[in-house]
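Notes follow once the structure below has been shown.
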Number of protein chains: 2
Amino acid sequence: MRPLKRYIPQETARRLSLYLRSLKMLDQKKKAVASSGDITRFLNVSSVQFRKDLSYFGGFGKRGVGYEVRLLTKEIEKILGTDAVRRIALVGVGKLGSALLSYTGFPEFNLQIVAAFDADPDKIGKIKRGFKIESISRLREVIKKEGIETAILSVPVESAQKVAHELAKCGVRAILNFAPVNLTLPKDVFVSNVDMASELEGLIYKLKRSKV
Amino acid sequence: MRPLKRYIPQETARRLSLYLRSLKMLDQKKKAVASSGDITRFLNVSSVQFRKDLSYFGGFGKRGVGYEVRLLTKEIEKILGTDAVRRIALVGVGKLGSALLSYTGFPEFNLQIVAAFDADPDKIGKIKRGFKIESISRLREVIKKEGIETAILSVPVESAQKVAHELAKCGVRAILNFAPVNLTLPKDVFVSNVDMASELEGLIYKLKRSKV
DNA sequence: ACGTGTGAACCGATTCACAGCA
DNA sequence: TGCTGTGAATCGGTTCACACGT
């Protein structure tokens, strides 16, 4: 029932998070049991892919029936590590950072921003979206105290590398980076890049190709 | 010199955009010629991967020497379709949408937001970051007139599917979607999703795994 | 000698085909 | 019969090894 294979595709983890959304939607619709087809209906993922993905972690379904929605939700949360609230620091409270402070999509996944930092003296001490903005010079102090190991980096591109390095030194192990630059960090620090311009270029390229 | 292979990896296109950034940096540093190693030094991409990627489009380098920075920049822009200014509509001027309106990373890649839409009557007609906010009811009119085929979708998740559908009907062929939902659209419409919560979950999963 | 360009080998991920259980 | 779970086949993409031009 729980083979716990050692090597799990990169992409499987990313999809688990989509499955969670789908499951929560089904739960809201009072569906207690759902088949792999039900769960993947509105995702661009095949039902086989779904079952394969889950099979890396164990057998959660009943043959001929499907999956218990609530139960599977819990299991996937456990796998992803978001079964407990995850405390996150946000560094860089510019326009994008402010928008992220009030992003409503985080709580659903037990993600909680608990500290906001900025370098601009005018902003420090101010309250924004309910957060008191701390000076970036207090990074170490606050991060250590709060035991934070996940950060969102939304500082200007010029300071991104420097701040990221500082975060790593303070013990942050995972960074969601919005600056359009490839961060160079110790390899035990995980980085995920959100690159708007690059995404748009990718789309435009597809558009162009599709017309040939 | 220009084999123009028919099938080009998905991932190659995405990396081309990274190469562009690197090339622009090198140009700023007055480097006229650069080797594949120079160009990929600060990217997580091997120099072989770089050369392989370019080889799908032709031979742009000089053996034993490297690549002319300016020339290669132009060639990649041509491949990506960003050699001319690309006009983009932004739909949904909430906190995130506003932040995107003033995002400084777009012009570098010839991406230009030329229209902003919102459904909130209080916002319509107001000027935000230099853009006059149009009613979403004028979507068709403006998009047709401006000949826009690329859009950024930053509306609340509840209305994302509906608005996306409307965009597609108006002739938009590429959508950068910030709503945490999988859009169902005709398959000649390309969608790229930016999903912050999902990215964070992916990071947390890696974090968790790395500790075992 | 140096760095590009590329077929061939390899590797990871997806899809297929079907066995297993309710 | 219906849907899960999974080894085997396949596919797409990356890396290797090396030929080629300057």
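Not measured: the values here are computed from a predicted model. Reminder, nothing fancy here: chain letters follow the sequence lines and each chain counts from 1.
Residues B:Asp83 and B:Lys74 are not paired through a salt bridge, judged by the lack of any N-O separation under 4.0 Å between the basic side chain and the carboxylate.
Comparing A:Arg63 and A:Gln49 by the nucleotide of DNA chain C that holds the closest heavy atom to each, the one mapping nearer the 5' end is A:Gln49. Comparing B:Leu54 and A:Thr12 along DNA chain C, the residue whose closest nucleotide (by nearest heavy atom) sits nearer the 5' end is B:Leu54.
What separates CZ of A:Phe57 from P of D:dT6 is a distance of 13 Å, to the nearest Å. In this entry the distance linking CG of B:Asp53 with C1' of D:dG12 reads 13 Å, nearest Å. Between B:Gln10 atom CD and C:dT14 atom C1' the separation is 14 Å, expressed in whole Å. If you measure from atom CD1 of A:Ile8 to atom P of C:dT14, you get 13 Å, rounded to the nearest angstrom. Atom pair B:Tyr67:OH and D:dT22:C1' shows a separation of 14 Å (rounding to whole Å applied). Between the CD1 atom of B:Ile39 and the P atom of C:dG3 there is a distance of 13 Å, given to the nearest Å. Look at CZ on B:Arg14: it is 16 Å from C1' on D:dG12, rounded to the nearest Å. Straight-line distance from the NZ atom of B:Lys52 to the C1' atom of C:dG3: 16 Å, rounded to whole Å.
Under the side-chain contact (heavy atoms from CB on, under 4.5 Å) rule, A:Asn177 has a single partner from A:Asn193, A:Asp195, A:Val194, A:Asn182, which is A:Asn193. With B:Glu201 as reference, A:Leu20 is the one residue of A:Ile76, A:Leu20, A:Leu16 to meet the side-chain contact (heavy atoms from CB on, under 4.5 Å) rule.
Residue A:Val48 is in base contact, counting any heavy-atom pair closer than 4.0 Å across all strands shown. Contact annotation for A:Ser36: backbone-only contact, meaning every heavy-atom pair under 4.0 Å involves sugar-phosphate atoms and none involves a base.
Taking 4.0 angstrom as the limit, B:Tyr56 places none of its side-chain polar atoms (N or O) nearer than this to OP1 or OP2 of D:dT14.
Checking C:dT4, D:dT14, D:dT4 against the side-chain heavy atoms of B:Arg51 singles out C:dT4 as nearest.
Two rings, from A:Phe50 and A:Tyr67, have their centers less than 6.0 Å apart.
Not a single donor-acceptor pair, N or O on each side, falls under 3.5 Å between the base of C:dG5 and the side chain of B:Lys62.
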Show the atom names and distances, to 0.1 Å, of all donor-acceptor pairs under 3.5 Å that link a side chain in residues 158-167 of chain B to residues at least two apart or in another chain.
from	atom 1	to	atom 2	distance (Å)
B:Ser159	OG	B:Pro156	O	3.3
B:Gln161	OE1	B:Thr184	N	2.9
B:Gln161	NE2	B:Thr184	O	2.9

